[in-house]
Number of protein chains: 2
Amino acid sequence: MNVSKNIGIKEIAVLANVSIGTVDRVLHGRTGVSKSTKAKVLKIIEETGFKRNLMASRLKLASSKTLQIAVLLPEIKNEMYYWHHSNAGIKKAVQELNEQGIMANYFYFNRLDPKNFKKSYNMIFEHEIDALITVPFFEKETDELILKAEELKLPLVFLDSMLNNKNKTNNISQNSFKAGMVAGRLLHGLVGDCGQYFVFNILNKRGIQINNQQREMGFRAYFEQNLKEFDFEIHSINMPLENKEELEKDIQELLNSDKTKGVFVTNARSFLVSDMLKECCISNVNIIGFDLNLPNLERLKSNDIKFLINQNPEFQGYSAIKGLFKYLTEQDASELNLDIPVEIIIKENADFSEMN
Amino acid sequence: MNVSKNIGIKEIAVLANVSIGTVDRVLHGRTGVSKSTKAKVLKIIEETGFKRNLMASRLKLASSKTLQIAVLLPEIKNEMYYWHHSNAGIKKAVQELNEQGIMANYFYFNRLDPKNFKKSYNMIFEHEIDALITVPFFEKETDELILKAEELKLPLVFLDSMLNNKNKTNNISQNSFKAGMVAGRLLHGLVGDCGQYFVFNILNKRGIQINNQQREMGFRAYFEQNLKEFDFEIHSINMPLENKEELEKDIQELLNSDKTKGVFVTNARSFLVSDMLKECCISNVNIIGFDLNLPNLERLKSNDIKFLINQNPEFQGYSAIKGLFKYLTEQDASELNLDIPVEIIIKENADFSEMN
DNA sequence: TCTGATTTCGTTAACGTTAACGAAAATTTG
DNA sequence: CAAATTTTCGTTAACGTTAACGAAATCAGA
């Protein structure tokens, strides 16, 4: 059992023949140290593999300055809503790091109003913050935000990216294309080569999302890559949230056959599709959708939905805070980009405890 | 933006009209404080909701005593082997907590020799350790270990539990029955009601494991619960690792039909079954197995295995260290029992980066 | 060469917790 | 009731890092 005491700033100072103050100065790249002594200290640090003790560092610093993380998310209407989970993860991480001096400040924007998003982040910039966590909802406004953050040298992390950011930014999100591929294989396994396939894109007032497009592309890519003789069609159905009655006729026509049917719902509302198809008396249908919201979980439990894909929003939020903290305290940005696994949920491995 | 400074031991001392030394004494339940002052301090602590600053605590304590965690795992033969991943998770957590004063000491036992397991943990007990992480491989010896650890008041965490521990202990492991249920649904989805089902239990010198039995039970339970008219058979095949040639004949006979076949391999060697069936020219077969070892991943990539269930050994090891640290530093045992999710892996959401 | 400005650097008091040390108070003993 | 014990409690120096403060050394200008 080796017991190697970690080397500290004091030892470095002795070895380099300087004071701890000087070591601290070079560690933080502060001014006031000559080139030669800087080199000397750096050499010793290199040789000894010294890493500063973060816990001592945070103990000292947390008392004078707590890191302020701004969080800008869509308005949360419903306790069980998707963003509620992102928030929960953020809160959990902040709780864990609380004594180390970090705080989250929550802001919300109207999910249908780009202007409001812009106004919100401009308002945030008037406060003194150290980083911003948000969501790339609106293409143009997001680009502007990226530029502005760069200008202000403000770390920026996006959750649930729906945009192909041209500028490289920090993204913690699931690869939607990959998720579509997963959905493809799962549905294909259930439905087989002789079935019918449908992609349901549910449209809200903002139209179809890039995320959903990517998911559909991945879904189609699965079939193209895995079935040489691809002689059956995948129907895309764009379903507006309102006046879906007129759609129901088309659906009756399209889906009313004896064939096994596979339905891929590219967003979180697969329960709506499930209910609609049930109402239309469509049978022999296998549905796969996204996100573990309450109504989806109910349909999973009742076997009306076969698969759900989890984006783990709680983990996304949690990771964003942890990653930012690491970046702000260690200048280590490695945890600011995360590819959230495509988690496959069925009735047997689902956690229904939130339903009770 | 509220900025609430955390209350400290000093404030408690002032409020209770005692010195910080006394506050520290009641915080640690040490002797030397009268009943009345103890009550007084406790009351203030309660009222203020004071939580001691762990980072300051660890800063002080890490210098005088680093926590020693003993890790006793089966001998690791192969870099890619299952236990290698447990080890990697343990190492990662220890790395993260290094400066807070924690160390892991690794020990290995012969996987086929219960005596050696016992000898190993007895040897470990001669060292000064603060906790032990191990694996419940052998029923009798594990029970003895549990008793001994209780006696020594030594925290004990089991990874990959294969035993129904009568004594309550700390387990970080996947629910094997549930995993079997998951396998049941996934295979049933692919194979349907008209197929044939097989459970392969691969036997090594130690015979069949309780884990594997539980998995089979879960698998069968799925079908019993979900198919009212359950008129087809699930064949169990016990396959010894050596002289499997004689088995091949039986298998030829059993599996040689046009029907779609579903094969559930209850341990990590599904690649062996896959290869064997291929050799026997059995077609139309769907295999599901456990663990993301290299040969399994290769068969997943080549579509010879359809599903793999991940037990996330790395996460298990990681969580064991983190949980023990929390317990040893905060007396909070809540993270010492973990139900590892049944993670479903298919070709599209697998991480093949370790194959390269 | 002397003054003043500037750069370089060492000293020190914190951050909140811990526990050793010893002083004071309370209790027991003869 | 004084001496000896025992119990209760306050003081203090750490843990490793930070940054303010000011001293010493170097440099610039006349």
Side-chain angles (χ1 to χ4, degrees), chain A residues 4-42 45 48 50-67 97-102 328-331, chain B residues 3-42 44-45 48 50-67 97-102 328-331:
Chain A
S4 67
K5 221 171 144 309
N6 277 338
I7 197 170
I9 210 176
K10 211 178 251 171
E11 284 89 331
I12 300 292
V14 173
L15 289 173
N17 261 321
V18 295
S19 73
I20 56 170
T22 302
V23 177
D24 188 61
R25 269 181 282 259
V26 341
L27 276 177
H28 293 83
R30 258 183 275 123
T31 61
V33 38
S34 74
K35 251 196 271 185
S36 59
T37 54
K38 182 170 179 178
K40 195 168 53 176
V41 172
L42 246 23
I45 289 177
T48 56
F50 162 84
K51 288 268 167 299
R52 80 179 197 286
N53 186 315
L54 281 171
M55 134 182 94
S57 174
R58 288 315 299 167
L59 175 62
K60 184 68 178 72
L61 292 175
S63 59
S64 55
K65 158 133 190 43
T66 78
L67 300 168
L97 296 174
N98 167 268
E99 66 179 23
Q100 308 207 41
I102 192 169
L328 293 170
T329 59
E330 305 180 52
Q331 289 76 253
Chain B
V3 176
S4 68
K5 221 171 143 309
N6 277 339
I7 198 171
I9 210 177
K10 210 177 250 170
E11 284 89 331
I12 301 292
V14 173
L15 289 171
N17 261 320
V18 294
S19 74
I20 55 171
T22 301
V23 177
D24 187 62
R25 268 182 282 260
V26 340
L27 275 177
H28 292 83
R30 256 184 276 124
T31 62
V33 38
S34 73
K35 251 196 271 184
S36 60
T37 54
K38 183 170 178 178
K40 194 168 54 173
V41 172
L42 246 25
I44 302 286
I45 289 177
T48 55
F50 163 83
K51 288 268 166 298
R52 80 179 196 288
N53 186 317
L54 281 172
M55 134 181 94
S57 174
R58 290 314 300 165
L59 175 61
K60 183 68 179 68
L61 292 176
S63 59
S64 54
K65 160 136 191 40
T66 77
L67 300 168
L97 297 173
N98 167 267
E99 67 179 21
Q100 308 206 42
I102 193 169
L328 293 171
T329 60
E330 304 180 52
Q331 289 75 254

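The chains referred to below are lettered A, B, ... by the order of the sequence lines, with proteins before strands, and numbering in each begins at 1. Note that the structure is predicted; figures quoted are calculated from it, not measured.
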How about A/Lys65: does its NZ atom have over 12 heavy atoms from other parts shown lying under 6.0 Å from it?
yes
Atom pair CD/CG of B/Glu330 and B/Leu54 - distance to nearest 0.5 Å:
4.5 Å
Between atom CD1 of A/Ile12 and atom OG1 of A/Thr22, what is the distance when rounded to the nearest 0.5 Å?
13.0 Å
Using a 4.5 Å cut-off on heavy atoms from C-beta on, say whether the side chain of B/Val18 contacts that of B/Val41.
yes
Interatomic spacing from OG1 in B/Thr37 to CG in B/Asn17 - rounded to 0.5 Å:
11.5 Å
Under 4.0 Å protein heavy-atom contacts per nucleotide of nucleotides 16-24 of chain C, with B for base, S for backbone only and - for none
BBBB-----
A/Lys51, NZ: over 12 other non-hydrogen atoms inside 6.0 angstrom:
no
Show every salt bridge (Lys or Arg N to Asp or Glu O under 4.0 Å) that has at least one partner inside residues 21-36 of chain A, sequence neighbours left out.
A/Asp24-A/Arg30
Answer yes or no: does a side-chain N or O of A/Thr31 lie under 4.0 Å from OP1 or OP2 of C/dT7?
no
Take the C1' atoms of the five end pairs on each side of the helix from C/dT1-D/dA30 to C/dG30-D/dC1, get both axes, and report the angle to 10 degrees.
40°
Between B/Asn17 (CG) and D/dT8 (P), how many Å, whole number?
19 Å
Please indicate whether B/Lys40 has more than 12 foreign heavy atoms, meaning atoms of other residues, nucleotides or ligands, lying under 6.0 Å from its NZ.
yes
Indicate whether OP1 or OP2 belonging to C/dG10 is found under 4.0 Å from a side-chain N or O atom of A/Thr22.
yes
